[in-house]
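Here the structure comes first, spelled out in structure tokens, and everything after it is commentary.
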Amino acid sequence: MKHHFKMPAFASAIVLATALASAPVHAAGGGIEIERQDWSFSGPLGLFDRAQLQRGFQVYKEVCSGCHSINRVRFRNLVEKGGPEFPEEAVKELAAGWDYQIDAGPNDDGELVDDDGEFFTRSPLLSDAIPGPYKNDKQAQAAQNGALPPDLSLITKARNTDYTGPVWFHPIHMLKDIVTAYQEGGADYLYALLTGYSSQAPAYKRDNKGKLLPVKEDDVGSDTVERCATVTHEHDEGKKDVCTPMQEGMNYNAAFAGHQIAMAGPLSDEGVDYKEDASGKPVAPLTTDQYSRDVTAFLAWAADPSHDQRKRMGWLVMLYLLITTVLLYYAKKSIWKRLKKH
Amino acid sequence: MAHHESTYNPQGRWAKWWDERLPVARLMNTQFVEFPTPRNLNYLWTFGGILTFCLVAQLATGIVLAMHYQPSGAEAFDSVDTIRRDVNYGWLISKLHAVGASMFFVAVYIHLFRGLYYGSYKAPREILWILGVFILLAMMATAFMGYALPWGQMSFWAVTVITNLFSSLDSIIPGLGTSIVEWLWGGYAVTGKTLTRFYSLHYLLPFVLTGLVVLHIWALHVVGQSNPTGLEIKTKADAVPMYPYAVSKDAFALFAFLLLFMWFVFFAPDYLGHADNYKPADALVTPSHIVPEWYFLPFYAILRAIPEKLLGVLAMFGSIAVLLFVPWLDRCRTVRSARYRPVYKWFFWLLVFTCMALGYLGAKPAEGVYVFWARIFTAYYFIHFLLVLPILGLIETTKKPPASIAESVLGDVASADPSKAS
Amino acid sequence: MTTHNDDNADPVRRDFMVLAGSTFAGVGAAASLWPFIDQMNPDAGAQALASIEVDLEPIQEGQAVTILWRGKPVFIRHRKAEEIKAALDVQLSDLIDDKARNDDLPPEDPATDLNRVKKGQEKWLVLIGICTHFGCIPKGQRLGDSKGEFDGWFCPCHGSHYDTSGRIRKGPAPRNMEVPPYKFVSDSKIKIG
């Protein structure tokens, strides 16, 4: 019986093998470490906070929608359960007064444009996608100095964070993310991006060997420093580190790959007026940090509108599976017991 | 089909009438109720049943998704998004299918390594094993084509990179590889035309897969199941009827497996996928870091470990093809199971470790130290099959297995304490 | 040496755990069928178009428009006074189908013209423009179309004639054209569905 092969032994051996597998490999680094945030929708128990989604939509509407579309979201989604759940009448009005119109197509005479050469348009309805500011990518690029503001409907799913820790810990980290159901990489990244702006790139000073050393902003004073978006360290003796300065028209962002982003910091304190509660105070702080959290939560919902329904159903399914698995285990035991009576 | 004698006795006129014309009930009774299964099977043997479930689940969810999916370059991405947003339970069914593909591979890899550990491929189970390798190949082709269908950035570039593998044939006959690749694409690059034919094949291949599975199960029922001792069933005491014994064990194992499956579906649906596949396919921009789905990573690492293009492709396909010859590469004829092979056991775990390491390296950029280790592990992968298996089989001193399956479970029957038997 | 015992002669014997386990597994399997069935129902996109609003302002007296509602043509006719009068003058006994066929009214209500329109808005006739025979679209919407013997609609497929209230008067169709559920949201706007 000592040879009897046990499943847990097999499983733990696989885990061990995975952990060991990574041990001899040295970290290559390169990824930017993104801090994880505590979201209302984090983990297996987290759900969206309606009030936050409503505030987040306000931030999207007043700030982001100037350049970015969310054209996979429809006005009716703003009413539906699991989302911001605005009242239907309010969203109808919102759609009717939306800044951007929808192409109405040809009129009864087959004409596409009116006497002024403008395309026929109409106001969006509840059933329509939320129209963005630009008719097409070319128009967007023409208006944005060649940069294309991405559609934000799926942005929190289309972004993720990189693992930046030691290689030997990576497999354990992966297991931990599975067990804790970490799915908020895109949201964490977006929040880091929105709050990651600085007015200028970090300061560095060269030592006599040509190596670049970071200098704290407070210590810069009147010293001559180099401002580098990124620094490439040379390990060979005698070679100088390479400083990549900021390009004209780009903005420094700590979270963005390469740290140079075309989009200027979109949010500023008190830039959006949240409605006031009974005591006359805004329902949430009027800060860049709060705006970033709220709009990120809203976009996380926009990318995953069935999120709350999915988790609620998931709890029931897991409970059902747990009970049934236990029952089937004892059923199996009682059946196999019949073999061993004598 | 099996050596097992049928004791099916139809009750009533209706049952008798059927039995004389189409003895389905007799077949089911013989093969899936009374069928003798070794009484010492451990939980690793439940993965056959789990895999059957996975296949059926993929077929069911896939057929449903095909009702809503639009296989054209212009509409594919949007239709998948619409399935998630608007189709009733579309978010659930699409994730059952995507996560289900991963779970299918989890189960098939455990099943495969179980076979390697216990020598399940040895005579008379060579055909059974080879059918299994073909099932794995069909699964890989199906999964690869399925991954193309959402038509996101990873879909598009995975298709581009993998179909380009064939262009390596240009180094044998100039132009041959390019012709094959353009034939696969239906154009001079991957386009919506490629997507549409992949969709057709993704729907076709599961039927091939199902056919292979039927043959696999047939072959299994001819030779009977292997078991942890590697001994054959000799007496009635060695076996238990499939129903209810093996069935109850399989049912419990399936639900335990579903706990893992559903955890991913409901709480970590995107964990096994890649963020870049939520960006629509763009023929002008390659994502900065292309990785295949996790279940292809070890093979991808082998591909990249070898600096010469054609050799890399050959090594990658060779790493699967070598499995076909395992029944003959393993020269150990005294015992089947690694339980009685003290040295082989260690090499087995080294192989498991190697595959895991290759999987990890496959997800890393192909540079510096990662390439070095990928080469080391690729070398061991082939050494294991081409050198260790044949040589070790000849020189290893094996341990003596018990006299029978029953003895392995109950010990020496006369002196055993039945309450401790398990 | 065998360890099979008497119980083995009846391996399907049920005890509580086996019964409970199989019941749970069975109920779960049955419940999991629902998503696979429900996915074929109209999706959220289709449901969002289940009701539409139509502006009646541009439709002149004597004109008719056809709009698409839930994938079906809906006829809206701005009836002339003589057309309304013709519809009111018809006796119920002259009708092939004497039921109102109005989705907003009980099924047994009679097919008077008043039961086919909204009170106070008698000039507007709203119908699902599908012949009740085999589902063709009757003629009579466009100028120059044949409107049939009763000046309403004429179905060219098998020759059914409808009157100015959309009621079947002659031909093989068994029922009056259906009046969809709708209401006036303002004097010149209706919401169908």
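Of all heavy-atom pairs spanning C:Pro73 and C:Ile137, the tightest one is CG-CD1, 3.4 Å.
Contacts between residues 86-101 of chain B and chain C, defined by a heavy-atom separation under 4.5 Å, are made by B:Asp86, B:Val87, B:Asn88, B:Tyr89, B:Leu92, B:Ile93, B:Leu96. Close approach to chain C, defined as a heavy atom under 4.5 Å from one of its heavy atoms, is seen in no residue of residues 69-80 of chain B.
Summarising the local packing, CZ of B:Phe266 is surrounded by more than 12 heavy atoms from other residues, nucleotides or ligands at distances under 6.0 Å. Within 6.0 Å of the NZ atom in C:Lys139, the count of heavy atoms belonging to other residues, nucleotides or ligands does not exceed 12. Residue C:Leu92 qualifies as enclosed at atom CG: its count of foreign heavy atoms under 6.0 Å is above 12. Applying the 6.0 Å contact sphere to NZ of B:Lys234 captures more than 12 heavy atoms from other residues, nucleotides or ligands. A 6.0 Å sphere centred on CG of C:Asp187 holds no more than 12 heavy atoms belonging to other residues, nucleotides or ligands.
Using a 4.5 Å cut-off between heavy atoms, B:Phe252 does not touch chain C at all. If you measure heavy-atom distances from B:Ala60 to chain C, the contacts under 4.5 Å come from both the backbone and the side chain. Heavy atoms of B:Thr61 lying under 4.5 Å from chain C belong to its backbone as well as its side chain.
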Subject >> Check against disulfide bond (SG atoms under 2.5 Å apart), C:Cys157 and C:Cys136 >> reply: CA-CA 7 Å; C:Cys157 290; C:Cys136 294; 2.0 Å; yes
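Taking the six-membered ring where the residue is Trp, C:His161 and C:Phe154 present tilted rings, their angle falling between 30° and 60°. Aromatic ring orientation, C:Phe75 versus C:Trp153: parallel (interplanar angle below 30°, classes split at 30° and 60°).
Stacking of B:Arg26 on the aromatic ring of B:Trp18 is not recorded, the 6.0 Å distance cut-off and the 45° axial limit not both being met. Stacking of C:Lys189 on the aromatic ring of C:Phe184 is not recorded, the 6.0 Å distance cut-off and the 45° axial limit not both being met.
Counting heavy-atom pairs closer than 4.5 Å to chain B, the top residue among C:Gly45, C:Ala46, C:Gly28 is C:Gly45.
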